[in-house]
Amino acid sequence: MSLPSPDYLAKLNPEQRAAVETLDGPLLVLAGAGTGKTRVLTTRFAHLLLSGRCQPHQILAVTFTNKAAREMRERVGAILGRPVEGLWLGTFHALAARMLRRHAEMAGLRSDFTILDADDQARLLKQVMDGAGVDLKRWPPNGLMAVIQRWKDRGLTPERVTAAEASDYANGRAVALYGAYQARLKQLNACDFGDLLLHVTELLRTDEEVLGRYHRLFHYILVDEYQDTNLVQYLWLRLLAQARKNICCVGDDDQSIYSWRGAEIENILRFEKDFPGATIVRLESNYRSTRPILAAASGLIAKNEGRLGKTLRPGRNDAHGEKVRVVSLWDSEEEARMVGGRIEEAKRDGVSLSEVAILVRAGFQTRAFEERLITLGLPYRVVGGAKFYERQEVRDAMAYFRATVQPADDLAFERIVNVPKRGLGDTAMAAMHRLAREHRCSLREAAQRLTESQDIRPRPRAALRELLEGFARWSAALERDGHVVVAAQILDESGYTEMWRQDKSPEAAGRLDNLKELVRALSDFASMPAFLEHVALVMENDENAEGERVSLMTLHAAKGLEFDWVFLPGWEEGLFPSQRSLDEGGAKSLEEERRLAYVGITRARKRCFVSHAANRRIYGNWTASIPSRFIGELPPDEVEFEGEQARAQPGWSGGSVFAGGALTGYRAPRLIDAPAWEVQERPKPGASIAVGERVFHQKFGYGRVTAVEDDKLDIAFEKAGPKRVLDRFVEKV
DNA sequence: AGGTTAGTAATTTTT
DNA sequence: TTACTAACCT
């Protein structure tokens, strides 16, 4: 290939170009934040095709999100000047599902197997545990769910779980329960998300013939976000790459933030060992952020031990800019006011609100900011909240569709058999399950038998018969009238829409809208099963992205995004880094929290505000907190401190002290002399307490006020009984 | 069968 | 504080 550089290569910097043009053998591209990772990936894809190395269908390109897959598809198409078809380009799960459908019978499934979502999984596992006589109070199903998922993440079928990998959950019954759960899935012709990769990997591991077919098929493999792969995904990739060894993984060890979901940062750390002779290319030229922002992020992440090492340098000439600002505040309300005020200022200065984001550690933190933004009249959107396909009414409707198409889908049938209320209670359901067990048939067949027996009262029996007739009618109508028409018919004739019409709650109208939207969405698909597959794998979240709005989201949800202005509130010990995370994972988790902080800072193009509050309301009561150690780890020369001085914290590595102070204009005028976090007084002492209110007393605990006389209160304490106390000794809760 | 209440637990969630 | 679940009452 000694032709003059094609246009698409000329646009790359030398390191990017190396990443694109190193085509043979294993390649790891360490792509720092904002270094043009997507460009490299898509250009490489296009380059493979344009250089005549292979055909489109001979490339396996894997992403984690549908969004990333879509983006890659579009950008490759743009470079090639035409849409590309017949690609093996998609998420790990979508690609695994596609493979599994081809070989379903080898995994004990039919090719039309159902993919269960988290909710179905949980219900199924609970049933299995209940059936095995497990004490569900002592051993919550969620606990076992997590254990099983970790096993699946590690490529462990029940047979492969060794003593060393076993869990002491439910007195050592976990593996047996796992086996029972898998057996039940097979019976239902279903699999969960973890199974998609587990089954396929197991197949590739044990069947050379099948493995050989894929070796012949895939000439090149491309992997995005490699730092987030779990063990089974790694095994799957390694098996597929074994023969030709043309695997290119792109990722950033400093942005590995999903270990709690099974991701193993070790995958990327030991790439060179796993793939001998690998080339490593580092992308360190950052085109996104100003120099101070990069310096702050780099200084922070340098405190991590377990990393390959990489330093972001400004790739733009205009990369000077304001320092990262660290703001100290009295309490979380003041913090919300500060952020709101700053956003108003930014807006006045012409910054678009769609270029402003507030990134928090945990979902519940968004609330305080939402309230503040509402007060100020600033439009916002919360990214990653309840997703469309996870809403109750949508899931119910989906269950109706599933039960129509798949008569054996017990989970779907059970979900809606008494929704709307048809008078079927525990007795009827127990009878149905008993019949299903006796005849080894689906619940739907059992229900059929039940309507022919005298086991339940006439009223529920008639209602059940009507439902079953409905299913028969609807599935017959599918062919004739088309899935969109029938979908609407199902929701109407089942009484489901009517149920929400009768509902007086304020959400009812919205739910009816969602049902309409769902039926509309069906029209984008060729058939009902195609739609169900799409929803199971894609779970698209149509955010109301349009319009100028401040974005509110968790740090996790922000990975891969960028904004001109970024606010990072709540940098306090216990909250960020999260105490829970530290308790569970120790030093390793601390490093992951630090990576999360790094992800947060590197989202910012122009301005970045870190803040912490001395007092925060947690589960209703005020708690004092100290600044996050991460604040002390920011390189002091690259940040500017604002607000009340803080003493150096014991745990601070830098030992730096807040400089400056008293320039905020946001700080509440009190307690000027004392460092904010030494003060024991609660921000809201118990003013005007009325009869009937619940209060807390240091000595007597919680109680309810039964009478008020001047400053004296009669309180019925929950533990200590009735007492008379002075109002200043209690606080409202 | 279904609604009410008391008790309990509480991050992050690409598919 | 809220949200969810499991016993409890009607």
Side-chain angles (χ1 to χ4, degrees), chain A residues 62-70 90-97 115-118 121 126 136-137 140-142 145-146 149 152-153 191-197 224-225 227-230 232-233 255-263 359-368 383-387 389-390 418 421-429 456-457 459-460 463 533-541 553-561 570 574-585 589 592-593 595-596 599-600 616-623 694 696 718 732-733:
Chain A
V62 200
T63 65
F64 271 88
T65 66
N66 292 296
K67 195 176 153 207
R70 200 182 325 124
T91 63
F92 275 101
H93 295 271
L95 293 168
I115 301 166
L116 302 185
D117 65 23
Q121 280 174 50
K126 203 172 151 191
L136 297 180
K137 281 186 85 174
N142 283 339
M145 194 81 251
Q149 269 167 8
K152 291 186 175 179
D153 288 340
C191 65
D192 64 25
F193 275 119
D195 284 338
L196 294 170
L197 276 143
D224 190 16
E225 305 278 18
Q227 78 283 353
D228 288 332
T229 50
N230 61 32
V232 73
Q233 288 161 342
Q255 294 188 67
S256 166
I257 55 174
Y258 281 102
S259 73
W260 50 274
R261 263 182 102 313
L359 311 180
V360 295
R361 179 61 190 45
F364 67 80
Q365 290 173 263
T366 59
R367 198 125 135 229
V383 177
K387 297 176 176 62
Y389 289 107
E390 284 168 9
N418 198 33
K421 297 265 179 308
R422 295 188 172 90
L424 302 162
D426 292 344
T427 331
M429 289 313 293
I456 54 171
R457 293 161 189 280
R459 179 111 85 162
E533 170 92 352
H534 170 83
V535 173
L537 286 172
V538 178
M539 280 288 196
E540 207 65 90
N541 201 7
M553 69 189 95
T554 63
L555 288 161
H556 284 90
K559 197 176 77 159
L561 306 178
L575 186 59
F576 188 41
S578 140
Q579 191 57 50
R580 176 109 178 240
S581 171
L582 263 37
D583 291 347
E584 280 170 16
S589 289
E592 181 150 317
E593 296 281 307
R595 291 193 289 269
L596 209 42
V599 167
R616 182 171 298 276
R617 220 175 161 143
I618 298 171
Y619 304 139
N621 33 354
W622 288 92
T623 321
R694 209 169 116 85
F696 178 78
E718 288 160 17
K732 287 198 240 186
V733 291

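Lettering follows sequence order; numbering is per chain, from 1.
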Quiz item: Which is true for A:Y258 with a 4.0 Å heavy-atom rule: it touches a base, it touches only sugar-phosphate, or it touches nothing?
Solution: base

Quiz prompt | Sidechain-backbone polar pair: A:E593 side chain, A:S578 backbone, donor-acceptor under 3.5 Å | solution = yes

Quiz item: Which listed nucleotide (B:dT11, C:dT1, B:dT13) is nearest to the side chain of A:R617?
Solution: C:dT1

Quiz prompt | Nearest-nucleotide pick for A:T91, side chain only, options being B:dT13, B:dT15, B:dT11 | solution = B:dT15

Quiz item: What is the distance, rounded to the nearest whole Å, between atom OH of A:Y389 and atom P of B:dT15?
Solution: 13 Å

Quiz prompt | Spacing between A:L575 atom CG and B:dT12 atom C1', to the nearest angstrom | solution = 12 Å

Exercise. Could you please name the option among B:dT11, B:dT13, B:dT15 that lies closest to any side-chain atom of A:H556?
Key: B:dT13

Quiz prompt | Centroid distance under 5.5 Å and plane angle under 30°, A:F364 vs B:dA10 | solution = no

Quiz item: Once you round it to whole Å, what is the distance between C1' of B:dA9 and CG of A:D583?
Solution: 16 Å

Quiz item: Roughly, in whole Å, what's the span from CE in A:M553 to P in B:dT11?
Solution: 20 Å

Quiz item: A:L575 versus A:Q365: any side-chain heavy-atom pair under 4.5 Å?
Solution: yes

Quiz item: Base, sugar-phosphate alone, or nothing: which one does A:R422 contact when heavy atoms must sit under 4.0 Å apart?
Solution: nothing

Self-check item: Whole-Å distance separating the CG atom of A:L196 from the C1' atom of B:dT15
Solution: 9 Å

Quiz item: What is the nucleic acid contact for A:T427, judged by heavy atoms within less than 4.0 Å: base, sugar-phosphate only, or nothing?
Solution: sugar-phosphate

Quiz item: Which of these nucleotides, B:dT11, B:dT15, B:dT14, is closest to any side-chain atom of A:S578?
Solution: B:dT11

Quiz prompt | Sugar-phosphate, base or nothing in reach of A:G363, heavy atoms under 4.0 Å | solution = sugar-phosphate

Quiz item: Nearest to the side chain of A:R580 - B:dT15, B:dT12, B:dT11?
Solution: B:dT11

Quiz item: Mapping A:L582 and A:L424 to their closest nucleotides on DNA chain B, which lands nearer the 5' end?
Solution: A:L424

Quiz item: Looking across every strand, which nucleic acid part, if any, lies under 4.0 Å from A:T554 by heavy atom: base, sugar-phosphate, or nothing?
Solution: sugar-phosphate

Quiz prompt | Side chain to side chain, A:V538 and A:Y389, heavy atoms closer than 4.5 Å | solution = no

Exercise. Select base, sugar-phosphate, or nothing to describe what A:D117 touches, counting heavy atoms under 4.0 Å on all strands.
Key: nothing

Quiz item: Does A:T63 reach the side chain of A:E225, with side-chain heavy atoms less than 4.5 Å apart?
Solution: no

Quiz item: Is the distance from OP1 or OP2 of B:dG2 to the nearest side-chain N or O of A:N418 less than 4.0 Å?
Solution: yes

Quiz item: Within the structure shown, what part of the strands sits under 4.0 Å from A:E390 by heavy-atom distance: base, sugar-phosphate, or nothing?
Solution: nothing

Self-check item: Ring-base stacking, A:F64 with B:dT15 (5.5 Å, 30° cut-offs)
Solution: no

Self-check item: C:dT1 pyrimidine/purine six-ring stacking with A:Y619, under 5.5 Å and 30°
Solution: no

Quiz item: Is any side-chain N or O of A:N66 closer than 4.0 Å to OP1 or OP2 of B:dT15?
Solution: yes

Quiz item: Where the side chain of A:K126 is concerned, which of B:dT11, C:dT2, C:dA6 is the nearest nucleotide?
Solution: C:dA6

Practice problem: Using heavy atoms to find the nearest nucleotide of DNA chain B for A:L537 and A:K421 separately, return the residue whose nucleotide is more 5′. | Solution: A:K421

Exercise. May I ask you to test the A:L537-A:L196 pair for a side-chain heavy-atom distance under 4.5 Å?
Key: yes

Quiz item: Once the angle between the rings of A:H556 and A:W260 is folded into 0 to 90°, is it parallel (under 30°), tilted (30 to 60°) or perpendicular (over 60°)?
Solution: perpendicular

Practice problem: Select base, sugar-phosphate, or nothing to describe what A:N230 touches, counting heavy atoms under 4.0 Å on all strands. | Solution: nothing

